[in-house]
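In the text below, chain A, chain B and the rest are named by the order of the sequence lines, each starting its count at 1. Hydrogens, waters and symmetry mates are skipped; everything else that's a heavy atom, side chains included, is used.
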Protein chains: 2
Amino acid sequence: MSQSTMPTPQEPAASGVSGQRPDAMTGSIERILPEATLARLTQYLRALNTLQSQGETRTSSGVLAQEAGVNPAILRKDLSLLGSYGTRGVGYMVADLAQHISTAMGLGQQWRVAIIGAGNLGRALSGYGGFQSRGFEVVALLDAAPEVIGSRVGKLAVEDIKNLKAVLEATSANIAVLSVPGAAAQELCDQVVACGVRSILSFAPIALQVPTGVNLRKVDLATELQILAYHAQNLG
Amino acid sequence: MSQSTMPTPQEPAASGVSGQRPDAMTGSIERILPEATLARLTQYLRALNTLQSQGETRTSSGVLAQEAGVNPAILRKDLSLLGSYGTRGVGYMVADLAQHISTAMGLGQQWRVAIIGAGNLGRALSGYGGFQSRGFEVVALLDAAPEVIGSRVGKLAVEDIKNLKAVLEATSANIAVLSVPGAAAQELCDQVVACGVRSILSFAPIALQVPTGVNLRKVDLATELQILAYHAQNLG
DNA sequence: GGCTGTGAATCTTTTCACAGCC
DNA sequence: GGCTGTGAAAAGATTCACAGCC
């Protein structure tokens, strides 16, 4: 991730977060969830949605784990990090559990995503249905190329990257996605950070440097294929 | 990793491989590289390319690690799994090391990629420059929608998914990329496997089941954003 | 009887720290 | 002196296996 990956996965596989919080002083009993657990929790949520849409009201670690593609023991361990929301001998209530996971993952609020780079990938991402349905709204799409600026992509008009700060402020974006060439990525990343965005998902094929307190994840498509190629060579 | 994934991935975060080889009987001294190492090796390769294009002929674990965004100790450990290609007190020869890593990762051969699903994402992937430059050639783009079939995307015409088997055979594709909606993914995955493809990269937001011996990696864009959202909530 | 929650055991990955060599 | 290569230690993640509860 993985990448993540990741993972980072992992990679997975290809992914990572910089900026640890130096031990909460907040009153609430906040739990720091391991990265690997976070990745799986989203799969559980999806599996729960599927079950719910099939009319299931109750489930078990075995069924859920099967659906999410993991082993039941680790599923139970993951869930136990959030608290005890199951019933021994019975299982979990689908709706309850989904609610608890959502809350723990911060999906209560609406996240506003700005996509930097309106190339093929940026445009594909801005139309990706999987985002809208999970509380992520794409609020801006920016690019530097004059021939692209002003063109429409879905409901959005591509904005000039020169107006980055104004656009980020006007839209209150709190997540940025970098879908730009490697050569431009670090410079744009710095700008985005300077505008106060502290969560960045990068598709650029380079290792970006970000200050502590900013969290960065990477998805590296060529890396994914290379790992596949390695396995293909060795298993094939 | 996860790259995101990945991790991953990882991957990475969001990524994984199914199908372990049950201990080689091949004569060659094949090394099984850990998943996490594989993800990093590709970063080292990239860093080496950068250095090479800057005219550097020699480097050190410190410099390379910095460039790749990892810690020097693990870089040296990763490289030591491939053999001893450095010189104590001196460092590594850029070109040599790049060559060794490429070989170890199976990048000697040309990989032929079929993209299943010619939606926004599929089209973006088929035009992604990062593939061509790393030994991956997109040889086919398939879809089920009549209004898309036959249209041109770059040099490729979109083929009818009904001809999957014929197309995969004609192009000798050895890697498939699934960029289709979740609902269609398992069915298409099965078909691709039935056609003999044993390496699959999936962007579908579900857990796919594949038989042993097939290796599957996933990149899950919504998961990446959700992990960011979690950190944003807790660090911000 | 069946399924959760969890300590203990195992396995994997990362980091440390230093011997070995140029 | 400097940098690699690598055992040993530490940290982290997964799996086992079973006590506890319905």
- Do side-chain atoms of A:Gln43 reach the backbone of B:Ala207 as a donor and acceptor pair under 3.5 angstrom?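 No, A:Gln43 side chain to B:Ala207 backbone: no donor-acceptor pair under 3.5 Å.
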At less than 4.0 Å, is any side-chain N or O atom of [X] found next to OP1 or OP2 of [N]? Yes or no.
| X | N | result |
| --- | --- | --- |
| B:Ser61 | D:dT4 | yes |
| A:Arg40 | D:dA13 | no |
| B:Tyr92 | C:dC22 | no |

The side chain of [X] is closest to which nucleotide in this list: [options]?
| X | options | value |
| --- | --- | --- |
| B:Ser84 | D:dA17, D:dT6, C:dC22 | D:dT6 |
| B:Lys77 | D:dG5, D:dG7, C:dT13 | D:dG7 |
| A:Ser60 | C:dT6, D:dG5, C:dC3 | C:dC3 |
| A:Arg88 | C:dT14, D:dC21, D:dT6 | D:dC21 |
| B:Asn71 | D:dC16, C:dC16, D:dT6 | C:dC16 |

- side chain to side chain contact (heavy atoms under 4.5 Å, CB included) partner of A:Leu64, the single match among A:Val70, A:Leu75, A:Thr50, A:Val94: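 Of A:Val70, A:Leu75, A:Thr50, A:Val94, side chain to side chain contact (heavy atoms under 4.5 Å, CB included) with A:Leu64 is met by A:Leu75 alone.
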- Message: Over all strands shown, is A:Pro72 touching base, sugar-phosphate only, or nothing at heavy-atom distances under 4.0 angstrom?
- Response: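 It contacts nothing in the nucleic acid.
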- Can you check the A:Leu81 CG to D:dG12 C1' distance for me, whole Å?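 My rounded result for the distance is 13 Å.
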